[in-house]
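I have placed the structure first, in the form of structure tokens, so that the comments after it can refer back to it.
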Amino acid sequence: MVCKLMKKYIALGAVLLFVFLLIPPAASAQEREGASSGFEGYTLVAESGDYRLYYCEPRFSILLQNKETGTCLESAVSDEKDDGANNKSWTGYMKSGIVLYAIIGTTNTYQVDMLTCKNNIKTSYTKNGLSAAIEFPEYGFALTVEVALEGGDLIVRVPDSSIKEEKKDNYISTVSLFPFFGYSYLDDKEGYMLIPDGNGALIRLNDKEGKYSTGFSRLIYGKDYGFEQTVAVATSELGKSFNFLVEPNEVIAPVFGLAHTDDRQGYLAVVESGDERCSIEAHPNGAMIAYNRCFAKFLLRDIFTQPLNNSNSGTVQSVEAERTHMDLQLRYRLLSGDDANYSGMAASYRDYLLGNGEVALKDTGYNTRVDFLGTDREEFILGTAAVTMTTVENIREMYGRLRSAGVGHVLTVYKGWQSGGFYSLPISGYRADRHIGGTAALTNLIKEAGAEGYKIYLYDQTLRANSATNATTFNAMKMVNKRTYKYESRDEVYRLFYMLMPAAAGNTLRKFTESYINKGVNTLAIDGMSNQLFSYSSRGGYYTRTDTRNAFVNAVASISEKCNLVLEEPFAYMWKYADAFLDMPLASSGYLYADEDVPFLSMVLKGVIPIYSEYINFKANKTESFLKMVESGIYPSFYLTYENSSKLIYTNSNYLYSTEFASYEKTVSQYDAEFSALAKKTEGAFIRRHEKLENGLVKVSYSNGVKIYVNYSGAALKADGIIVKALSYEAGE
Amino acid sequence: MRTGIKRMRAIAPLIVLMLIAPLSGLAYADSETPYKTFTVDGYGRMRETQTAYLPLYTFTRIGGETLNLPADLTVTDDGYLYVADAGNSRIVIGTTEGEFVGTMGEGHLVNPRGVFVADNKHVYVADRDAEAVFEFDENGALLNRYTKPASPLYGDTLSFLPIKVVVNKAGIMFIICESNTNGIVEISPTAGGTFLGYFGTNFAATDLRTIIYRAILTDAQRAKMVGNIPATPTNLAIDEDGLIYTVTRGDGAKTLKRLNIAGTNLFRDGAEWYAGSPTAVAAGNHDNVYVVEQPGFIWEYNNEGATLFVFGASDDGTQRVGLSSMIASITVDSNDCLYILDGDQGRIQVYEPTEFTKLLHNALCLYSKGRYTESKEPLTKILEMNSMFDYANRAMGRAYYQEENYETALRYARLAKDYDGYSDAFWEIRNIWLKKNIVLLIFVIAGLWLAFRLIRFWDRKKNILEKPRAVLGKLREKPLISNILYANYYMRHPIDGSYGIAAEGRGGWAAPSVILGAFMLEYVVFKYLCGFLQKTVAEGSYDFFSDFGGILAAMFALTVCNYLVCTINNGEANIKKIYTYFCYSLMPYILLVPVLFALSHVLAANELFVSLLLRIVIYAWALLLAVIGIKEVNNFTAGETAKTIFLTFFTMLIMALLCFIIYVLWAQVFEFVSSLVGEAVYRLGM
């Protein structure tokens, strides 16, 4: 009996052993080498429906192959593609799948890569990718990078807990993950890199002939005010007295893209985590080396200047005491075939946002945006006097005039409504200035106009504090060097502004909204919190941009439950709270290396949230701006006053040089007629495809089949049997 | 070197207050351009305005040809660009779109610094290192080579280093030569180059110090001084009418000159704002002129030399289209597109005028030809786009003046701060008013006179004014009122009045203080509310704090210092008396300024001498009263008085110095404490 049983067990054991021997255990690298790929040094590690993922351990490089076409995206320059024209350091950079920069003491120029630095790498394999624990013993650094191929997405992640800095005075400054993913040499590939500059711009993968020494490198969500005090760098006497320079656009969305149009392959990369402190890098060939590349560079720790006295004559360089703690995560949305272009990238990003609840579909019905300035102050006998530009009664009158001109829907952001005028900041309660008619009158107007489809949103800057109108010393934001951050203006009335700390700003906003909602009105336009992000220090503590972001999101989220919010140029993480996106840039910053502008962000958001333009009454070229808005599905915005703008000459608002309603009345109703007709055709539809035709005509195809053709040239052009007049547009089915 | 600084007017402090740092998020940055555009308003202040020119494109090479340290460029009416490619010793010809057409001058040129294309398509090249000006024909064949003129008038010891050249319709060359300070060399093409003389010579600036040095130094010492020689023009241009524009670095308001054939500068007043480091100048198509400044600024001036626009900026390292790193030259094509040569980067940036600028050019053209009424249409559109564009306001005012719509002209002139225009319109309005109301005015005056006589007559008969007189009499007896009224007596009889102060104890503290208060009140009322033509402060700006503070501080210093000096000189006055006579001396001001104030509202610009005269009377009288006060109340001789006055001012100077030193010391202490705290914050990581 027992014997029989024993036999049975032994047989079973033998079978099990046999089976065990037959099936390879979850892969050792040695065995992987066997499953060789035809790519030198690479082994296959994962496979999805459309792609194969290969891995080269010594360089920590990956290679992604499209199964159908066989085309590849590689993350480090292979030896055969090495042009041999670069020094050791650059070669190390180019051939390494991960590049760190180290701070030693207070110098941050130490490059740490897989080739030039001693390293230990231990890879374990998962069912759809790998996890590599990498150590750089020379510097005492260690981190684990996880790579996973999930359907059409490639996810690269460094868990925060795996990042170690174990040697004294050696710190990780930046981490670049796969900085060469999808690289190309000079004009080897056709295609472009998409950069999130302004509305969107492309850097073509053509031979730049060494014309540009650098490429695109901007921090996502704008500069960190906690590190930078804005100081005018004057190169001449004239530049000292006046600031002629306009800052380039900030990066609103944490994305970049790459398309090889000849291979019909590309990706849209989304920085999913760590985006608060990460820069988008896109460098064309000629910028130091002959390769085109785009990537995300995470910033963990920075150096700042600590002044020791007021004149800033004595300073020391310091390193942040604590690094930023966040997972670093990138998601490459892989695109192929007809989707491997910027239209595909926009659609992919839109799907991603909708799928993850990062945006919700809002009412995208058309409104003409007509903003008003209520009142500002000018100097007068030991104090200031009101300069009232647009009262509540004025608005009522202007609304009447617009209505009789046939303007059906208007969205108004009312600025400078608060007691004390536009620069009486922050706004801590619902108190309208008596010069515009007082609180009760304003409440009535908002209610009455709202009932008739004219929505008024009260404007709140949320973050700025005026040292002359409010006592703000204790709430003023301090930079990482514990100095109070100051905005300085060269205007005549108010010269010094502070930034509010997130907690104080949140409380002030909550207080204001409570008193506002109590009056039965709930429409609000928020600026500041929607488009600024900074590190700061407070009472010995140091707070990162992640803390600030959380504070702002909490504040905005909690009031968005009770209020209808429109947001001023909001960063991507604020989009879900916005009923409208205000001040969408119409163009890019015009970098020399960027070859063309594309309306990327409008393509993402058209049909999701209504998008309103920058103010067009300050545009010197009206026709071109008009066509740009038609092209990108953006609604027009005006900033107007009832009185003539010359009244503002002695106020801080003196930059408003052209706002009188009477001058723009006709334009508003003309624009309203044109755009509302156009909006009806595209209502609820997404932009499917945006392309520049051979003859220069721009063709925008919507998901409901509507096509819009825009002609920027001075001669009539024809496409698809439709003739478009010079400097005009046509809509077709 | 002072650059870009306007000649200060009375409102200078306002400009000084325009401080540092930009304010992110305050102004609407138009993302289409990486720079802002400014204009100059009627007060001479820089104001932001619509973008005047948009960067169109940038080309770093012409066809396949790379430029190496290019020095100059010019564009022809038919659309060809000629670039002096100095580093490659040639002229590169391309289209305005950057397509390569050809080269010229290889083998002849060494270091071409300037290029000019004449109407007959001949190309003139100023070559510094070849020490010659070359003339090529359309196809690049060398026609002439002009070297150093043999004429003794040129100067034997001077070398001939041509860097820029322009040629007028008669073929006469105007050449700027490096380190030749005599002026622009004018050479006629006849007989292989005839030297005609020097043209448009700049003048050496002579300041007071140089004059004093020259007077007192010996010849040997003078020889050691840095030579005071005029600056050589940096660049030049010629317009359709043959007028020559020059820019000279470091020539202050006279940086830009518009010279007629006789070499006379037509911009007599100079520009309000000027480029500090100009590198090139180009004549526009509408009597306008462009100047570029090395760091990246582009200026446009009108036919009177007033600034229309300034725009552009230095590259901040972001490499954006429209920013420059070192501008070498500018040229304008027939469509008003600007071509700007960046010498450092070897690239050409093209800017095109916006709709706004096109309107302005249109108006400019009509206005300068005197077609005022026609110019109103584009001007109206400009003002619709920018109601604060003072150039348009000014032109509009002039246009309405021509149409005899004086009220509107007055309004626009006041907006534009156009004093002449305002005065003219005001004169017309006053004239019309006078014509209409002269009869009524005479009746009113006559009526008043009659009423006065009647009352006096009745008073004499029935004593109707007895009661008021009694009340007034009682009031007069009150010491305060009596002492205030005594100031009036003092004004008319200062010597006798001084005796009253010295011996009878007239004055005191209260009465003079009332007078001082009245003075301050009148001072600010006059300063801020006088007629537009006499106003010295910008409209809408008020600074009462420093007005009052200044007067009080001055009075305090004067009284205290005078007291200190008087006491040690055996003066008989005590501090109360000193205060009294100084305050009483303000009486002429108090009585006459209302007249001045009234006059300021009725006088036109050419009658302002009346009010100037009145001012002189007021100040002289007040000064006289103060001097007599010092002399008589203290019982000084004339000599002692002079000494006292001198010493008083000296003491005030010392006092001011003392205050300054104390302030500086305190600032040091504050700085020290704050450094200490800063260090502590850093070390302790609070």
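So that the names make sense, note that chain A is the first sequence line, chain B the second, and so on, each numbered from 1.
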Using non-hydrogen atoms only, which part of [X] is less than 4.5 Å away from chain A: side chain, backbone, both, or neither?
{"X": "B:Val524", "value": "neither"}
{"X": "B:Leu415", "value": "side chain"}
{"X": "B:Leu383", "value": "neither"}
{"X": "B:Thr318", "value": "both"}

Query raised in the report: Backbone N or O of A:Phe618 within a donor-acceptor pair of the B:Gln50 side chain at under 3.5 Å?
Result: no
Report task. Check whether any side-chain N or O of B:Thr354 sits under 3.5 Å from a backbone N or O of A:Ala620 as a donor-acceptor pair, and report yes or no. Result -> no
Report task. Just do the side-chain contact (heavy atoms from CB on, under 4.5 Å) check on B:Gln319 and A:Tyr212 with the steps written out, would you? Result -> CA-CA 8 Å; B:Gln319 300 194 73; A:Tyr212 314 116; 3.9 Å; yes
With only heavy atoms counted, which part of [X] is less than 4.5 Å from chain B, the side chain, the backbone, both or neither?
{"X": "A:Glu209", "value": "both"}
{"X": "A:Asn617", "value": "backbone"}
{"X": "A:Tyr664", "value": "side chain"}
{"X": "A:Thr214", "value": "both"}
{"X": "A:Asn531", "value": "neither"}

Query raised in the report: Should we say atom CZ of B:Phe672 is surrounded by more than 12 heavy atoms from elsewhere, each under 6.0 Å from it?
Result: no
Working to the nearest 0.5 Å, report the span between [atom1] of [X] and [atom2] of [Y].
{"X": "B:Arg347", "Y": "A:Leu592", "atom1": "CZ", "atom2": "CG", "answer": "5.0 Å"}
{"X": "B:Asn386", "Y": "A:Ser663", "atom1": "CG", "atom2": "OG", "answer": "10.5 Å"}
{"X": "A:Lys622", "Y": "B:Phe356", "atom1": "NZ", "atom2": "CZ", "answer": "9.5 Å"}

**Report entry** Member of B:Tyr35, B:Phe38, B:Phe311 meeting the ring-ring contact (aromatic ring centres under 6.0 Å, His included) criterion with A:Phe244
**Finding:**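 Considering B:Tyr35, B:Phe38, B:Phe311, a ring-ring contact (aromatic ring centres under 6.0 Å, His included) with A:Phe244 is found only for B:Phe38.
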Report summary line: In terms of heavy-atom pairs under 4.5 Å with chain B, the winner among A:Ala594, A:Ala321, A:Ser213, A:Ser537 is A:Ser213
Which pair of heavy atoms, one from [X] and one from [Y], lies closest together, and at what distance?
{"X": "B:Arg320", "Y": "A:Tyr591", "answer": "CG-CD2, 3.5 Å"}
{"X": "A:Thr623", "Y": "B:Glu355", "answer": "OG1-OE2, 3.1 Å"}
{"X": "A:Leu245", "Y": "B:Ser314", "answer": "CD1-O, 3.7 Å"}

